[in-house]
Colleague: 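Sharing a structure, written as structure tokens. Questions coming.
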Amino acid sequence: MDARAGIPGVDRLLEAAEAAGLTARHPAGRVKAAIRAAVDRTRAAIAAGTWAGDPEDPAGYLEAAERWLAEDERPSLAPVINATGVVLHTNLGRAPLAAVAREAMGRIAAGYSNLEFDVAEGVRGSRYAHCAALVCELTGAEDALVVNNCAGALVLALSALAGGSDVVVSRGELVEIGGGFRIPEIVRQAGAGLREVGATNRTRLEDYRAAVRAGGVAGLLKVHRSNFRIEGFTEESGLAELAELAGECGIPLVHDLGSGLLADAASLGLPPEPTPAESLRDGADLVVFSGDKLLGGPQAGIVAGRRELVARLRSSPLCRALRVDKATLAGLEATLRLYRDPERALTEIPALSMLATPLGEVKIRAERLVAGVAEAAAAVGWVIRATEGTGRVGGGTYPGHHLPSWTVRVGGGKGSADALCRSLRLGDPPLVARVEDDELVLDLRTVRPAEEADVARRLSAVLAGDGGPR
Ligand SMILES: *Cc1c(COP(=O)(O)O)cnc(C)c1O
């Protein structure tokens, strides 16, 4: 007889589930779905010849349903530990937020607020008023606007300013930032024409000038290459000379800066990187940058610059489609406020403090982790050691820059480093590391002190061959 005939009916299993208290602990609909899944799995296993249990015993289905329900209730979006050494890891949510930003976001999300309400006058206010003054204070802009992200900010700027005419961009700046963001496509999406000038490696002011003279040009766009570098026989026009040309021709110069560094690069141990303030000082009419790259805040796109241009963007219908959420505004405002005291910004904004952590301190963390798991590693034949290594700033910033760091490397065991890396990802909390030269590599610069105990626990368990739950 086919063993599948022995599988109990769903109704009978539901009764058993009720008796076992499952329906008291979980919504009835989910219990039913869990039982269906258990029955389907059993049926498939019998058909595949891999079933070993008694198909008539309800206990097996209830156990499977319990596991299914536990898995089903785990949130899809969950924290992970970043041991990749990439500080602004786009796949891992970019910038972790400062405590004051998290607190502000929770407070504003929890209730009503003056998001679009002028408390003094009792009339409608503007959500765009909340961060504008702070952005102006920190960048020297006349006015500013915050939208959903930097890609959105650029589309908004181009669509509001170009009005269907062309935008001039150097061929050396037609970059892809990642996640489908390509400058030529963004320009077209904004309803503007793309007027490419120069060559990949060299674009001169004369190239821009000739394009503008040919007519039909609404503005100049300069794009920070962000994630790649051009070296060798190169030439490009600086922002200041482009600004002069734009001024002569009466058209705006938009600078897509991306990274949004508001701190002093040297104090982070990083090479110089243009800041929004410098961009505006050099003559950009509008600069657009991200909230969650080197600024270290929540996902947002910030436009700063000339008052009348920002006003045009603010009244564009596209602005409504790209509008920023109240919790984001709260988190961004709290993050921006930290920059009034550069010392505070460096210590309280996690992305900045990770970058500024002295190498010696990262080394101590690496050595502490090795000491904590050395015994577990040695017992099963893995070799574990702390060595110097390099991480990256990430988020499409500082291409080719090696961030000095200290790593913990594990190798030489019976299993593969890839398998270790996978087990670390699958546990709770998931730990994301990397594999290099057949060794598991954990970079301690991006592991926060509060996470060290979890890292040691997870690593010991995985090395001992017990990845933990799941
Ligand atoms: C990262 C980046 C963007 C996109 O920013 P998002 O905030 O991810 O939308 C746009 N332009 C440049 C130059 C960038 O580096």
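Throughout, numbering of the chain's residues begins at 1 and tracks the sequence. When a ligand or atom number is given, it counts from 1 through the structure's own listing order.
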Colleague: So, Glu173 and His224: side-chain donor and acceptor under 3.5 Å apart, yes or no?
Modeller: no
Colleague: Of all the atoms in ligand 1, which lie at a distance below 4.0 Å from a heavy atom belonging to Ser290?
Modeller: 5 (O), 6 (P), 7 (O)
Colleague: Are any of the N/O atoms in Ala151 less than 3.5 Å from those in ligand 1?
Modeller: yes
Colleague: Testing the 3.5 Å rule here: is there a donor-acceptor pair between the side chains of Glu273 and Thr397?
Modeller: no
Colleague: Please state whether Asp256 comes within less than 4.0 angstrom of ligand 1, counting heavy atoms only.
Modeller: yes
Colleague: Check whether any side-chain heavy atom of Asp438 sits under 4.5 Å from a side-chain heavy atom of Ser416, and report yes or no.
Modeller: no
Colleague: Do Asp443 and Ser405 have side-chain atoms, one donor and one acceptor, less than 3.5 Å apart?
Modeller: yes
Colleague: I'd like to know whether ligand 1 has Arg94 as a neighbour, heavy-atom separation below 4.0 Å.
Modeller: yes
Colleague: Would you mind checking which non-hydrogen protein atom is closest to atom 10 (C) of ligand 1, with the distance to 0.1 Å?
Modeller: Phe181 CZ, 3.5 Å
Colleague: What residue and heavy atom of the protein are closest to atom 13 (C) of ligand 1, and at what distance?
Modeller: Ser226 OG, 3.2 Å
Colleague: Tell me whether Gly152 has any N or O atom under 3.5 angstrom from an N or O of ligand 1.
Modeller: no
Colleague: Under 4.0 Å from any heavy atom of His224, which atoms of ligand 1 are there?
Modeller: 13 (C)
Colleague: Determine, stepwise, if the pair Glu116 / Ser126 fulfils side-chain hydrogen bond (donor to acceptor under 3.5 Å, both in side chains).
Modeller: CA-CA 5 Å; Glu116 291 185 353; Ser126 166; over 6 Å; no
Colleague: Counting each atom of ligand 1 from 1 as listed, which ones have a heavy atom of Lys293 under 4.0 Å away?
Modeller: 1 (C), 2 (C), 3 (C), 5 (O), 14 (C), 15 (O)
Colleague: Check this for me, if you would: do Arg225 and Glu236 make a salt bridge, where the nitrogen-to-carboxylate-oxygen distance has to be below 4.0 angstrom?
Modeller: yes
Colleague: Which heavy atom of Glu333 sits nearest a heavy atom of His130, and at what distance?
Modeller: CD-O, 4.1 Å
